[in-house]
Amino acid sequence: QVQLEESGGGLVQDGGSLRLSCAASGRTFSRDTMGWFRQAPGKEREFVAAIARSGGNDFYSDSVKGRFAISRDGASNAVYLEMVSLKPEDTAVYYCAWTTAIYYSGAYYRNPKIWTSWGQGTQVTVSS
């Protein structure tokens with residue numbers, strides 16, 4: 001079982017920046033993928049980004065590509081989401097996620113069902 005804990009959310013103005021962190025603990029695997037989803041009020045949970053431990057390709061949703069960057073520290077089992085040029089539509093609860101699945105196409109990571117562990121979420125609010 002893998003436990004995830006997010007941090008770094010908060011309130012920021014339109015055009016601002018935030019960095020989210022997620023620490024993983026518990027059972028570790030030599031090959032796994034970590035990612036971020038978000039959920040705004042009244043909307044379904046939406047894929048944001050994913051990155052495999054092997055340091056291969058990273059994947060992003062079209063809505064954040066070019067503004068968000070995902071990275072991970074394999075030694076500390078942590079994953080980060082650097083967010084710049086934030087917009088009010090980025091306002092949501094951001095969830096860290098983990099899976100042993102490794103795909104070479106980002107489309108597969110968009111399905112919440114392939115992720116086996118989730119954090120409690122951290123609120124990001126972008127004011128206009």
Side-chain angles (χ1 to χ4, degrees):
Q1 188 75 10
V2 174
Q3 292 80 43
L4 304 173
E5 183 173 2
E6 306 96 336
S7 61
L11 174 64
V12 64
Q13 290 187 336
D14 190 355
S17 302
L18 278 176
R19 185 178 192 239
L20 304 184
S21 300
C22 174
S25 60
R27 186 179 179 185
T28 59
F29 293 79
S30 59
R31 288 168 55 87
D32 59 20
T33 302
M34 296 184 75
W36 293 92
F37 279 71
R38 67 186 182 185
Q39 189 166 19
K43 295 188 176 181
E44 293 186 352
R45 193 166 295 192
E46 172 192 25
F47 170 77
V48 175
I51 185 168
R53 178 186 290 273
S54 62
N57 292 338
D58 46 4
F59 303 96
Y60 301 91
S61 67
D62 289 342
S63 60
V64 307
K65 194 174 297 182
R67 299 187 298 120
F68 291 12
I70 189 171
S71 61
R72 66 182 296 176
D73 180 343
S76 63
N77 291 323
V79 66
Y80 308 97
L81 188 67
E82 192 76 39
M83 306 183 292
V84 301
S85 301
L86 283 161
K87 306 174 183 180
E89 50 263 44
D90 294 317
T91 295
V93 176
Y94 283 70
Y95 296 91
C96 179
W98 176 90
T99 178
T100 55
I102 296 178
Y103 300 113
Y104 294 98
S105 170
Y108 294 104
Y109 288 120
R110 293 174 187 155
N111 182 1
K113 294 181 180 179
I114 66 102
W115 299 87
T116 53
S117 293
W118 295 86
Q120 293 300 307
T122 184
Q123 177 71 45
V124 171
T125 303
V126 184
S127 63
S128 57

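Side-chain atoms are counted along with the backbone in the values below, which use heavy atoms only and exclude waters and symmetry mates.
In plain terms, the two heavy atoms of K43 and Q39 that are nearest each other are O-NE2, 3.1 Å. Between L4 and C96, the closest heavy-atom pair is CD1-O, 3.6 Å. When all heavy atoms of Q123 and A92 are compared, the pair lying nearest together is NE2-O, 3.4 Å.
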Show every donor-acceptor pair shorter than 3.5 Å between a side-chain atom in residues 84-91 and any protein atom, with sequence neighbours excluded, or say none if there are none.
from : atom 1 : to   : atom 2 : distance (Å)
D90  : OD1    : R38  : NH1    : 2.9
D90  : OD1    : R67  : NH2    : 3.0
D90  : OD2    : R67  : NH1    : 2.8
D90  : OD2    : R67  : NH2    : 3.4
D90  : OD2    : K87  : N      : 2.8
T91  : OG1    : P88  : O      : 2.9
T91  : OG1    : V126 : N      : 2.9
T91  : OG1    : V126 : O      : 3.4

I'd like a table of donor-acceptor pairs (distance under 3.5 Å, sequence neighbours excluded) in which one partner is a side-chain atom from residues 19-26, with atom names and distances.
from : atom 1 : to  : atom 2 : distance (Å)
R19  : NE     : E82 : OE1    : 3.3

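Here W36 pairs with nothing under the ring pair (Phe, Tyr, Trp, His ring centres under 6.0 Å) rule; sequence neighbours left out. Scanning for ring pair (Phe, Tyr, Trp, His ring centres under 6.0 Å) contacts around Y80 gives an empty result, with sequence neighbours left out.
Contact annotation: the side chain of T122 never approaches that of V93 to less than 4.5 Å [non-hydrogen atoms, C-beta and beyond]. Using a 4.5 Å heavy-atom threshold, the side chains of L81 and V48 count as touching. Side-chain contact between M34 and I70: absent, with no pair of heavy atoms (C-beta onward) separated by less than 4.5 Å.
Residue pairs meeting the side chain to side chain donor-acceptor pair (under 3.5 Å) criterion with at least one member in residues 5-18: none, sequence neighbours excluded. Counting only residues at least two apart or on different chains, the side chain to side chain donor-acceptor pair (under 3.5 Å) pairs with a member in residues 102-121 are T33-Y109.
Of the inter-residue distances, the one linking T99 atom OG1 with I114 atom CD1 reads 4.5 Å to the nearest 0.5 angstrom.
We find that R72 and D58 are not joined by a salt bridge, their nearest charged nitrogen and carboxylate oxygen being 4.0 Å or further apart.
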Inset, instruction - Begin with the C-alpha distance, continue with both residues' side-chain angles, and end with the deciding distance and a verdict on ring pair (Phe, Tyr, Trp, His ring centres under 6.0 Å) for F47 and F37. - result: CA-CA 4 Å; F47 170 77; F37 279 71; 5.6 Å; yes
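For Y94 (side chain) and G8 (main-chain N/O), no donor-acceptor pair under 3.5 Å exists by modelled atom type.
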